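Only one structure is covered here, and it is reproduced in the block below.
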Amino acid sequence: MAPEAKSGIVDRLRNIDRRIIFIFVAASVVIPLMFPLGLPLKSSPPSRALFQEIESLQRGSVVLMAFDYDPATEVELGPMSLAILKHCFRKGHKVVGLALWPQGAGLARATFSEAGSDYNVKYGVDYVNLGFKAGGLVVIDSLGKSFHESFPKDVDGTPLEDLPLMKNINTYADIDFVMSMSAGDPGLPFWIMMAQGRYGKKVGGGCTAVSAPMLYPYYPNQLVGLLGGMKGAAEYELLVGEKGAATKGMDAQSIAHALIVLFVIIGNIFYFVGKRRAKRGGGVI
Amino acid sequence: MRREIPLIITFVCGITMIVQFFIPHEPFGSMKSYFQQSYMIIAAFAMILGICNLTKLHVNKIRYKRPHWGYSIVLLAGLAGMTIPGLFVGAIKEGGIFDFLFKNVHVPMQSTMFSLLAFFVASASYRAFRARTLDAALLLVAGFIVMLGRAPIGDAMTSFLPEGGQMSDVANWIMAVPNTAGQRAIMMGAGLGVVATSLRVILGIERSYLGGD
Amino acid sequence: MLDSILEAVTFVSVRYKDTKEQRLLRRELHVIFGICARQRLGFNLSVIRIRALRVLLPVVVVVLVILGATTVFPVGSSSSNAPPRPPIGIALQDRPNDAGGAIEITWEASKDDSRGRGTVNSYSIYRSEQPQSGFVKIKTVSSGKEEYRYNDEEVENDKRYYYRVTAETSSDAFSDSGVVGPVTASPQWFHSDRWNMLIALLIVSASVLTFITLARKGKDLYIRPIAGLQAVDEAVGRATEMGRPVLYVPGILDMDDVQTIAGVAILGRVARKTAEYETSLLVPVSRSVVMSAAQETVKEAYWDMGKADAYHPDMVRYITDDQFGFAAGVDGIMLREKPATVFFQGAFYAESLILAETGHSIGAVQIAGTAMTSQLPFFVTACDYTLIGEELFAAGAYLTEDPRLVGSLKGQDVAKGLAIAFIVIGIILETAGYHWLTNFLKVN
């Protein structure tokens with residue numbers, strides 16, 4: 001009786017209702033957000049490389065920043081965009097923003113205004129938001145010919161000629177560094193292919209944690225630096241010296257990751273217990 | 001002829017795109033952007049087809065009271081609720097109805113869908129990550145290191161180790177060396193697959209996307 | 001004042017070929033003025049420094065006079081209004097590898113660029129068709145770089161053009177590079193940086209075509225079994241037995257992605273099976289062009305199998321272009337329709353696990369295939385079978401066993417073998433310090 005009951009428990013735990021797992025995951029995220037642990041953080045080489053690139057640009061350099069994401073991935077890519085923009089404004093760089101994702105234009109607007117609030121920057125002089133343009137790769141390619149033809153007006157409908165910053169910017173030759181905050185397609189791979197491959201510009205940026213392994217092969221030759229997911233964003237916040245949303249999320253991420261590792265270990269224990277029982281009792285796993 | 005014409009168009013367009021890559025001289029030089037722009041125009045018109053298909057499907061579902069037809073009402077209401085303000089009340093003006101719906105309905109719903117990933121990763125890994133073989137066990141250990149190393153907890157657990165040997169350093173090494181090597185191998189294989197598939201399509205050998213063998 | 005004098009001395013030293021003595025002088029000046037500045041701020045000076053000051057100051061004054069008051073004073077008195085030194089090394093050339101109509105102008109920064117002393121804040125480029133007159137400003141470029149490059153794309157082919165580049169300060173002082181030219185623009189018939197790509201294309205194509213020809217002639221070609229594709233029949237049969245539909249998702253990208261084409265091609269095979277078994281088929285898509293293509297594919301497949309009556313356009317349904325909206329839509333279909341078999345074949349991003357986990361929760365047999373490397377682990381975890389990378393592109397050949405398609409796979413393998421050989425040789429050459437192969441293989 002006893003072994004059967006044990007076996008029943010093992011089976012039940014092996015095939016546990018996934019909603020129970022979901023509750024644990026939710027708790028592992030919510031509790032550290034409410035009661036932060038303040039675990040120390042250190043930066044990784046790709047994050048440092050991106051930071052160094054922006055740090056080493058001359059004051060007044062022009063940085064092109066593509067907001068290639070949507071609200072779904074805003075949680076990961078928003079904080080890193082904000083930290084990078086703050087860094088650019090602090091160093092006195094000019095930023096040209098655009099979006100290859102329709103909802104990226106609106107998110108760019110919010111991020112620019114948040115980053116700009118701490119610095120003495122002016123729209124049209126220190127930064128512009130060119131808005132969204134459909135076409136992905138075609139748009140990136142067309143910027144090599146003319147920014148003014150690809151984006152005749154900015155996100156608010158102001159002609160580019162009326163924006164002082166855009167008067168001397170028309171092709172990639174007028175841009176010092178290209179970045180894409182990339183949630184997928186179109187995103188960083190396209191910028192690498194076109195802006196880096198074809199027009200020889202230095203390209204860097206950030207991506208979701210899910211797509212980071214796919215973009216690692218491009219670093220450091222085709223991609224000068226890369227921020228991967230919320231951890232990358234937190235690392236950049238650390239480098240810039242401004243703790244933001246990503247740093248706050250690190251404790252939650254730590255506990256959630258540890259919990260998943262724990263689940264996998266428990267799952268394996270039950271798997272091996274079940275396997276041994278099956279061997280002994282001749283059952284099938 | 002019904003099948004030959006698409007095959008001829010495919011062949012001509014495919015060969016032209018290959019040729020323009022090597023010949024910058026006109027008329028080839030501007031062919032690429034011409035084709036790409038044509039595709040965008042076709043895609044924009046095809047969007048109308050897509051919306052018509054969606055609307056027809058769900059209107060019919062409601063009309064014939066097919067199972068779960070209530071969801072179709074929600075869908076059509078959502079479609080109209082975002083499209084009408086977008087088209088007629090001023091699309092992306094800050095503070096408008098569209099902007100309000102975007103910020104307060106669309107953004108939270110999108111974030112919710114994306115955050116499901118965290119839950120599903122947990123349940124999938126609990127169920128499927130098993131150290132069945134030595135290879136699987138090695139992968140599992142690498143997975144643990146990367147997961148813990150990609151969050152501050154990894155370094156907190158290995159803070160007694162010297163700098164350079166902590167969890168995040170090992171995770172970075174795994175990402176930069178074995179992961180990159182594997183990814184590159186798959187990418188190269190897939191790249192050759194893309195070339196071969198494209199050749200098959202251009203030469204009309206692969207025509208199942210047109211429905212036939 | 002301090003800056004002006006230092007600038008004057010620097011100007012003089014550069015003008016007179018910056019001898020060792022003058023560099024020494026400049027350093028001494030820095031020391032002297034540094035001491036003066038600190039003294040003014042109330043720092044304590046050591047006796048030694050004051051002595052040095054007493055000795056050096058007369059020397060400096062004498063040297064300044066000797067080096068020529070005529071040169072120093074105009075510069076030193078109003079450095080910001082003085083013309084900066086001109087840009088150097090102006091080079092013109094027809095922009096290589098283009099369709100013509102463009103001239104590339106490159107130059108090095110003026111010595112007074114912001115990377116140097118900082119008085120130059122922009123450069124202006126002027127163009128004319130005559131060397132003496134008619135120059136029109138065509139572009140102003142901000143300063144701050146070491147090298148400058150500008151492509152003038154407003155020129156006509158085979159016409160002679162002359163250029164001038166001026167360095168300008170904020171107070172409108174400028175200096176001219178002088179006239180450079182003539183240069184003409186012309187189109188090229190071959191992209192000279194792409195020989196390597198042409199050779200690679202010819203090798204791959206020749207290899208693929210050779211094996212297609214061999215296969216056509218009846219040569220027996222072996223392809224390794226792919227478990228996911230062997231299971232297609234069984235998976236569709238399972239749906240038939242259970243009386244439930246088959247769900248097929250051809251990725252979330254548009255028809256211009258080859259993975260989507262491969263996905264739609266496999267859909268053609270699966271649709272033939274569902275037509276044969278009279279099983280219902282659901283194909284949700286996230287792009288309207290894919291919807292049209294998939295509808296056509298499914299329709300043709302049903303007609304070919306003599307089951308035209310069983311086909312309905314609603315089998316293929318457009319949901320939304322939005323990534324997670326699409327994921328929510330497909331999840332909803334899965335939960336309501338409970339398909340027995342689910343195919344994910346094409347390009348997927350972060351929605352891959354959301355879809356595959358939902359499919360698993362309803363107990364469906366799932367066969368995935370993608371070349372998106374970051375999504376492969378999710379599919380491998382949550383699906384029963386996964387086609388990895390190139391297996392997705394090989395699926396069409398495998399499912400039909402058409403000799404021409406199988407032949408193309410063999411050709412692809414030969415190309416892969418060559419790629420591996422190049423990698424190995426490249427590693428050896430690079431390790432030995434020879435870079436010619438790497439340079440040759442660089443893609444431009």
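All figures in this text were calculated on a predicted structure; none of them were measured in a lab. Each chain gets a letter, A, B and so on, in the order the sequences are listed, and its residues count up from 1.
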Could you check if a side-chain atom of [X] sits within less than 4.5 angstrom of a side-chain atom of [Y], using non-hydrogen atoms only?
{"X": "A:Phe24", "Y": "B:Phe119", "result": "no"}
{"X": "B:Phe114", "Y": "A:Pro71", "result": "no"}
{"X": "A:Glu74", "Y": "B:Val107", "result": "no"}

Taking non-hydrogen atoms and a cut-off under 4.5 angstrom, which of residues 153-162 of chain B neighbour chain A?
->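 The residues closer than 4.5 Å to chain A, in numerical order, are B:Ile153, B:Asp155, B:Ala156.
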Determine the minimum heavy-atom distance between [X] and [Y], stating which atoms define it.
{"X": "B:Ala122", "Y": "A:Ile21", "value": "CB-CG2, 3.7 Å"}
{"X": "A:Lys42", "Y": "B:Ser168", "value": "CE-OG, 3.2 Å"}
{"X": "A:Pro40", "Y": "B:Pro152", "value": "O-CB, 3.3 Å"}
{"X": "A:Ile265", "Y": "B:Phe144", "value": "CG1-CZ, 3.7 Å"}
{"X": "B:Arg150", "Y": "A:Gln253", "value": "O-NE2, 3.4 Å"}
{"X": "A:Arg18", "Y": "B:Ser123", "value": "CB-CB, 3.9 Å"}

Which bit of [X] comes within less than 4.5 Å of chain A, counting heavy atoms only: side chain, backbone, both or neither?
{"X": "B:Leu140", "answer": "side chain"}
{"X": "B:Tyr39", "answer": "neither"}
{"X": "B:Arg127", "answer": "neither"}
{"X": "B:Met175", "answer": "both"}

Can you say whether [X] sits under 4.5 Å from chain B via the side chain, the backbone, both, or neither, judging by heavy atoms?
{"X": "A:Gln103", "result": "both"}
{"X": "A:Ala26", "result": "both"}
{"X": "A:Ala256", "result": "neither"}
{"X": "A:Thr73", "result": "both"}

Do you know which of B:His106, B:Gln110, B:Arg132 has the most heavy-atom pairs with chain A at a distance under 4.5 angstrom?
->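 Of the options given, most contacts go to B:Gln110.
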Out of curiosity, A:Ile260 CD1 to B:Met147 CE, how far, rounded to the nearest 0.5 Å?
-> 4.0 Å
One should read off an interatomic distance between B:Ser111 OG and A:Glu76 CD, to the nearest 0.5 angstrom, of 11.0 Å
Pick from [options] with the largest number of heavy-atom pairs that fall under 4.5 Å of chain B:
{"options": "A:Asp251, A:Leu259, A:Val264, A:Leu39", "value": "A:Val264"}
{"options": "A:Val29, A:Val210, A:Asp70, A:Val75", "value": "A:Asp70"}
{"options": "A:Val138, A:Leu107, A:Ile255", "value": "A:Val138"}

So does B:Lys32 have more than 12 non-hydrogen atoms from other groups sitting under 6.0 Å from NZ?
->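 More than 12 heavy atoms, drawn from other residues, nucleotides or ligands, come within 6.0 Å of this atom.
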Got a donor-acceptor contact below 3.5 angstrom from the [X] side chain to the [Y] backbone?
{"X": "B:Asn179", "Y": "A:Tyr216", "value": "no"}
{"X": "A:His257", "Y": "B:Leu148", "value": "no"}
{"X": "B:Arg184", "Y": "A:Pro217", "value": "yes"}
{"X": "B:Ser125", "Y": "A:Phe263", "value": "no"}

